[in-house]
Structure formats: C-alpha cells, structure tokens
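Everything on this sheet refers to the single structure shown next.
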Amino acid sequence: MKRIPLNLWLGGLISTLLVGSAVLSRFWTPEDPIKMNILNRLKGPGDAGLLGADQIGRDVFSMIMAGGWTSLGIALTATIIGGSIGTLIGVTAAAKSGIFEKASGWINSVLFAFPPILSAILLGALLGPGGLTSIIAIGVFMIPVFTRISRGAAMQIWSRDYIKAAKMAGKGQALITIEHVLPNISAQLLVQFAIQTGLGILAEAGLSFLGMGIAPPTPSWGRMLADAQTYISTAPHLVLAPGIAIALAVLGLNLLGDGLRDLTDPRRKQAS
Amino acid sequence: MMLSIRDLRVSFEDSSGDSTEVVHGINLDLARGESLGIVGESGSGKSVLSLATIGLLPGTARASGQIMFEGQDLLTLPEKQMCGLRGRKIGMIFQEPMSALNPAMTVGAQIAEGLRLHKGMSQSDAKTEALRLLEMVQIPQATQRINSYPHEMSGGQRQRVGIAIAIALKPDLLIADEPTTALDVTVQAEILDILDDLVTDLGISLILISHDLGVIARISDRTLVMYKGDEMEHGDTERVLRSPQHDYTRKLLDAMPSRARKSLDQTGMEGPHA
Ligand SMILES: Nc1ncnc2c1ncn2[C@@H]1O[C@H](COP(=O)(O)OP(=O)(O)O)[C@@H](O)[C@H]1O
Ligand SMILES: [Mg+2]
C-alpha cells in the first residue's frame, strides 16, 4: 500500500467540497442566489446569512455556491473539449512524424501566443459575451497545453520495445495509439487535467470580471469581484468571499494534480 | 539460404542533416534451422542490424544493401507486405523485459494480439493458444498468470512471456537481441535453455545477439564478431572460440569470467587458456 501524499489529501478534500457545493447548488442553496432583498443591503457576515449580503441584498453564501457551479461547469467543459482536441493532436503528432508534426507545432505556437483573455475579447466581439464564449476562449487556450504534454509523453511510449512488439503483432498506428499509447499516458493527462481545470476557473473568473463571461443574473465569482470593487472599504466581505473561493478552488485543483503526480510518478517524488 | 544479408549499411541522420554510418557493410547467411550468434561490445551496431532486418529502424535511419529473406529483399519490400511478414515470419525478443511488455495490458492479451491479428483467431481460441504458449515457456500456474500484469512478474518470467510472444506465430526466423542481459546469471541459463529447446523443436532459425561470448557459445552454430559496425570475424562458433583469428575476439574471450570459460570447456570447447 502506498501512503497517500498530503497534497493529494488536501487537494482531494478541497476539490470534493468545490464539486459537492456546486452540484448541491443546483438543488438547494440557503437563499435564492438571484433574489434581491433590499433590507439586507451590504449587511455583513452573520447579520444576513453566513457570508452577508451584497449591494442589492442577495445572499453572498448562496451566490458563492451557485457561482461555483458556473465556474466549474465552464472550466470543466472547456478543459474536456480543449484537452480532448489537444490530446488528439498530440498523440497523432507523436505517431506521424513529418508534415503533420510540423504543422501541429506551428498551429500550436500561434494558439499559445493568444492568452485566453485576449482570445475571449476577440471572440466576444464576434459572438457576444456569454458562457459559450468563455468555454470556447478557455478551451482554445487548453489545446496547445495538452498537445505539448501528450505529444511528449506519447513520444516516450513510442520508443518502448512493446510498441515494436505491437507492430510485429500487425497493429497499425491508430490501434497502437488507442491500445498502447493512451493507457500509458493517461496518468500524466489526468494530472494535467486537474491543474488545467484550476487554471480554467481562474480564466473564467477573469473573463466575467471583465464582463466577457456568462450573462447576469447567473451568479459568477468574477462578476461578484467586479461588482464589489466599489464597496471594498465599506463591505470588504464582498471582495473576500469570491476572492477566497477562487483562490481555494485553484489551490485545491493544483494540489490534487500535484498529489496525483507524486502518486503516479515516483521519480518526481524522490527529486522533490 | 533463408536469410542472406549483403553489404548492409545503416546511417543515422541528426537534426542538422549530417549522417553518420554506424553499420559498415555487413554480410551474413543463415540457413533454415541454423543458429547464428552475433557478439560485440555495446554500440557495435547489433541492435541496429536486427531492427533493419525486421524493418523497424527509426525514421532517421537509412539502410542500403540487401536483406534477402525467403527470396524477397526486405529493404525494398513495401510496408504493407513487410507488415504481413513481421511477427508472422520473423519474430523478435527484446532486451529489456520491462520495456518489451505493455504495463497496462495483461500478459495473456499481449500474447494473443498477434494470433488474433495475423491469424484471425477468435478471442477465446487466442486465449487458449496463449495459455499453451505460457506452458511451453514453463511459466508456473499459467492459468492464473495469463491474467497477470507485467509488474506482477519477475524479470525472468517477463522474458519468458517475451519468448512466448515471439514464437506465438511460429516464425521461420527468431531474432533475440540480448534476451538475457538484464537477468540474473541463474535465470539467464534457464531462459537460454528454454530458447534453445524451442527453436530446436520448432525448427526455427535463430539469430542470438549478445555482448557475452559465453551466452553465444551455449547455443550458436556460427558466430559473427562485430566491432563498431564492422565484421571482425565470422565462422563456426567452435572454431572462433578455439582459435580466434582476430585480436578483438581474443579480447572478448579474455573478458569472460573464468567461471564462464570453465563451462565452455565442459561443453567440449576449449578456451584459448585451457
Ligand atoms: N536512433 C538512433 N539515432 C542515432 N544513432 C543511433 C540510434 N540508434 C543507435 N544509434 C547508434 O548506432 C550505433 C550502434 O547502436 P546499437 O545497434 O544499439 O549497438 P548495440 O546493440 O551493438 O549495443 C551506436 O553508435 C548508436 O549510438
Ligand atoms: Mg543493443
């Protein structure tokens, strides 16, 4: 039995809480997160709900729960889509050398040059702001990351003798990629998936902070931060609540990724 | 001749486009049922020679010359035909039993792959055959071991699985590239015995590659001594060991541990110091 590393414990715990409260928010929140109650306007934690109320009297705790669903949903969808496309390009590039590899490398450098905020602004101009814009912008940013990781990992697998054995068994590149390469790089992809989902949450918050994210009144952490700017001295809890939520979510997913890496790659563990 | 290699040269191109020749015109012949040992220190080009023979050189390699196998030149054979031949007519055993098996697949599934793809066997027929092969390479409790993953086996057992995969399709030629180098001395002897018995029983021709003359001497009818991509000496194994013609062969003989030299003497061959 391997001992479970501390970062995996902590990361797993925070990530479970994040996912749990996001899912729970679909069925239950202490208050309706979009219901205004002007009497509670700017009340502090404890005076109105667990985390107080915002400038129009909405319950902050409920908004944090519901905003978690928004952030996680957009980040996960973007990472799944971008990760799948990136992995597909990466493992194909590893299987086929030559033109495809050069072309994919070139496309990726171009994609990499666009930070998600910039591509979201470009996309937002084209499609208008919204959840879909965020998903596409963040997803596009994920593609080159996964291409690079999966290509490097797959190239290592391709140099193994069991690939030669599979070729001798009469397998082609596609079958070798599916049956031999992917199962042996899945741990590395999973680690990256956790870390990138954390970055996706950060990017989603950034986009909705700039008003390029999901449309109001759907709660989102980034917009809560943006709205709270004006009240930073009078109602600091409005900044702290979404700020801490974002930081915790990113930290939790990063710890989870790191912990999974330590668990699956003993070499790194020794080095660190 | 089943296999005859003429003036085989292999060079590698590096990223800046310069090419370096690492095999400089090797010739060899192998008849059906015969076994040839190729010996030489690490970096002599033994693995490159064997990869050229199965058409699995890396993309950066260029090969010239002729590799005639059962009347066809493998160097000019279209990839599609090479695919049908590789594994089915020529089997290969690799050096590192860990890297030679997919860690994410049961050994049974790995033995069955070639049977299903080359012979079109059904899943269950392939599994029965895989079980029979595991018994042939003397894996104890084969019925349970067939569902094991490589990391659950010892190095010697993994190499037996490697042999089972290589002979599964009853190839005419088997190339074993340092099959025992990664193993303990005691296990080495067992593996070599299994290999020797199987190729003799099945009438398979064998190319056995090693940096250790002691290993070669155990099984090979003839021996080719290589050094830095060149042939140093080539002849009947007994003759090569008894009266080496080349200084390099003498050096290899001197490098053998005395215990191994003694075992050569017991098999009726006399080392130079006997
Ligand atoms: N993929 C490769 N790219 C460049 N050079 C290679 C490659 N594979 C082998 N070589 C070179 O070819 C030579 C022979 O290697 P190899 O056949 O592996 O030797 P051996 O199996 O006898 O130890 C070495 O000098 C090695 O550096
Ligand atoms: Mg070698």
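In what follows, chains are A, B, ... by sequence order, proteins preceding strands, each numbered from 1. As a basis for the values below, the full set of heavy atoms in this structure was taken, side chains included, without hydrogen atoms, waters or symmetry mates.
The distance from atom CD1 of B:Ile216 to atom OG of B:Ser35, rounded to the nearest 0.5 Å, is 9.0 Å. Once rounded to the nearest 0.5 Å, the distance linking CD1 of A:Ile185 with CZ of A:Arg151 reads 12.0 Å. Between the CG atom of A:Leu253 and the CG atom of A:Leu199 there is a distance of 9.5 Å, given to the nearest 0.5 Å. Remark: B:Ile90 CD1 to B:Ile204 CD1 distance equals 12.5 Å, nearest 0.5 Å.
For a heavy-atom cut-off of 4.5 Å, chain A lies close to B:Leu51, B:Ile54, B:Leu56 in residues 37-57 of chain B. Residues of residues 114-132 of chain B lying within less than 4.5 angstrom of chain A, judged on heavy atoms, are B:Gly114, B:Leu117, B:His118 in numerical order. Within residues 60-88 of chain B, the residues that have a heavy atom under 4.5 Å from a heavy atom of chain A are B:Arg86, B:Gly87, listed by number.
If you measure heavy-atom distances from B:Met92 to chain A, the contacts under 4.5 Å come from both the backbone and the side chain.
A donor-acceptor contact closer than 3.5 angstrom links the side chains of A:Glu204 and A:Ser71. Side-chain contact of B:Ser16 with B:Asp14: a donor-acceptor pair under 3.5 Å is present, judged by distance alone. A donor and an acceptor atom, one from each side chain of A:His180 and B:Glu113, are located under 3.5 Å apart. Counting only N and O atoms by type, the side chains of A:Ser150 and A:Thr87 include no donor and acceptor under 3.5 Å apart.
Applying the salt bridge (Lys or Arg N to Asp or Glu O under 4.0 Å) test to every pair with at least one member in residues 15-24 of chain A, sequence neighbours left out, gives no pairs at all.
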Review point. After noting the C-alpha distance and the side-chain angles of B:Leu36 and B:Leu208, does the key distance pass the side chain to side chain contact (heavy atoms under 4.5 Å, CB included) rule?
Key: CA-CA 6 Å; B:Leu36 169 74; B:Leu208 176 65; over 6 Å; no
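The main-chain N or O of A:Val23 is never found under 3.5 Å from a side-chain atom of A:Trp69 such that the two would form a donor-acceptor pair. Between the side chain of B:Glu135 and the main chain of B:Ala142, no donor-acceptor pair closer than 3.5 Å is present. B:Glu152 places a side-chain N or O within 3.5 Å of a backbone atom of B:Tyr149 that can act as its donor or acceptor partner.
Ranking B:Gly162, B:Pro58, B:Ala104, B:Ser99 against chain A, the residue ahead of the rest is B:Ser99, based on heavy-atom pairs under 4.5 Å. For chain A, the option among B:Ile93, B:Asn102, B:Leu101, B:Leu169 with the highest count of heavy-atom pairs below 4.5 Å is B:Asn102.
The two residues A:Ile85 and A:Ile143 have their closest heavy-atom pair at CG2-CD1, 3.9 Å.
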